[in-house]
**Student:** 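Have a look at this one before I ask anything.
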Amino acid sequence: MSAAQERPLILVTNDDGVLAPGLATLVRAVESLGEVVVCAPDTERSGQSQAITLHSHLRATRVRERWWAVNGTPVDCVYLASLHLCDRRPDLVVSGINPGHNLGTDVFYSGTVGAAAEGLLRGAPSIAFSVPHGQPAEIAVPWVQRLCRSLLARAERVLINVNLPEVISPREREAALPLSAEALQKRAAALPARLTRMGQRTYREHVEERQDLRGRPYFWIGGPPEESPNLEGEDTWAVAEGMVAITPLVLDISAPDLRPYEHLVAPIPGDG
Ligand code: MN
């Protein structure tokens, strides 16, 4: 925040597109915390990770006051908004609320997390939110408010990935019980939270080949999730145990210990 004590500037984005319900929920959640600018892809861009558009032009369409739709990736949105569409650098970048978890190695593919990582690269504390498939984005609202307040207060350059556990049980879902947003948020606010590390999440390897109407092959890649171990302290474990998984991420993915790699630079025997 600048010395002028203006309200903090919060940039809101996602990877599901400007029309996604989770984006509107996220905006409502942060509105009371500062001035909000929304800049999101014009279409679904899930799985775009850290992709940036460098070889074609971008257009930003103003859909309403302080809301922009960009024909690019989540990273394009954060870059363009931070440097050009906002009147100053954002004090916080918030991404989501993604319908579906971003756990473990999902983080490498996630556009939701990619957008937040770009926020950090542009200098702002940044945070990504995801809820389980089939659960309303509203369950994240108490955590959005709590965590965003905290990040704004400290103004440290951090990158946080947040995943909510199921708040509506499968039985309740089956019975289609009417649960008000207030009731859900009350439940969600009472959830325990854990600081976690990235867990493991694997998907069945699958390539589906089909034929188009002209007889040429086309493909769908990627299979459903597989059972993977939920180790205590990892994000996958926390959400499976009904806790909010709060995973601080760092952008340095180099191996923490270089010693096992020393053979790569060792002189080759008999070479010279
Ligand atoms: Mn998404």
Side-chain angles (χ1 to χ4, degrees), residues 10-30 36-53 58 60-61 63 67-81 92-121 126-141 143-144 147-148 159-168 188 198-199 201-204 206 220-225 235-236 239 244-247 249:
I10 302 171
L11 173 61
V12 178
T13 190
N14 73 354
D15 72 354
D16 303 308
V18 74
L19 296 176
L23 183 71
T25 305
L26 186 53
V27 170
R28 281 197 300 276
V30 298
V36 175
V37 171
V38 180
C39 185
D42 57 356
T43 57
E44 160 89 47
R45 295 293 194 128
S46 293
Q48 292 286 295
S49 173
Q50 208 67 31
I52 187 167
T53 302
L58 295 170
T61 307
V63 290
W67 281 66
W68 300 89
V70 171
N71 63 335
T73 66
V75 164
D76 295 334
C77 292
V78 173
Y79 193 100
L80 191 59
L92 179 70
V93 173
V94 192
S95 179
I97 298 167
N98 195 65
H101 279 144
N102 280 303
L103 294 166
T105 40
D106 293 344
V107 160
F108 291 114
Y109 300 93
S110 168
T112 309
V113 177
E118 187 62 20
L120 178 67
L121 288 169
S126 298
I127 187 162
F129 290 92
S130 304
V131 298
H133 272 295
Q135 304 268 315
E138 275 75 18
I139 65 174
V141 168
W143 292 92
V144 169
L147 299 171
C148 287
L159 172 59
I160 310 291
N161 182 31
V162 182
N163 283 274
L164 273 285
E166 286 195 349
V167 167
I168 304 172
M198 262 172 66
R201 213 180 184 209
T202 55
Y203 295 84
R204 190 147 54 78
H206 180 70
W220 289 102
I221 61 170
D235 54 8
T236 42
V239 296
V244 181
I246 300 174
T247 309
L249 300 173

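What you see below is based on every heavy atom in this structure, not just the backbone, and it leaves out hydrogens, waters and symmetry mates. As the structure lists them, so they are numbered: ligands from 1, and atoms in each ligand from 1. Please read all numbers here as calculations on a predicted model, not as lab measurements.
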**Student:** For the Mn ion (ligand 1), which N, O or S atom of D15 is at the shortest distance?
**Tutor:**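 Looking only at N, O and S atoms of D15, the one nearest the Mn ion (ligand 1) is named OD1.
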**Student:** Any side-chain heavy-atom pair from I52 and D76 closer than 4.5 angstrom?
**Tutor:**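 Yes, at least one pair of side-chain atoms sits under 4.5 Å.
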**Student:** Taking N, O or S atoms only and a limit of 2.8 Å, check whether S110 reaches the Mn ion (ligand 1).
**Tutor:**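 S110 does not place any N, O or S atom closer than 2.8 Å to the Mn ion (ligand 1).
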**Student:** Please name the atom of D16, limited to N, O or S, that comes nearest to the Mn ion (ligand 1).
**Tutor:**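 Result for D16 and the Mn ion (ligand 1): OD1.
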**Student:** What pairs with H133 under side chain to side chain donor-acceptor pair (under 3.5 Å), at least two apart in sequence or on another chain?
**Tutor:**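 Side chain to side chain donor-acceptor pair (under 3.5 Å) list for H133, sorted by chain: empty.
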**Student:** Does any N or O in the side chain of T73 come within less than 3.5 Å of the main-chain N or O of Q48, such that one atom is a donor and the other an acceptor?
**Tutor:**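 It does not hold such a pair.
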**Student:** Answer yes or no as to whether an N/O/S atom of N98 is found below 2.8 Å from the Mn ion (ligand 1).
**Tutor:**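 Looking at N98, which is the residue asked about, there is an N, O or S atom under 2.8 Å from the Mn ion (ligand 1).
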**Student:** Just verifying a value: how many Å separate H101 NE2 and E166 CD, rounded to the nearest 0.5 Å?
**Tutor:**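 One gets 7.5 Å once the value is rounded to the nearest 0.5 Å.
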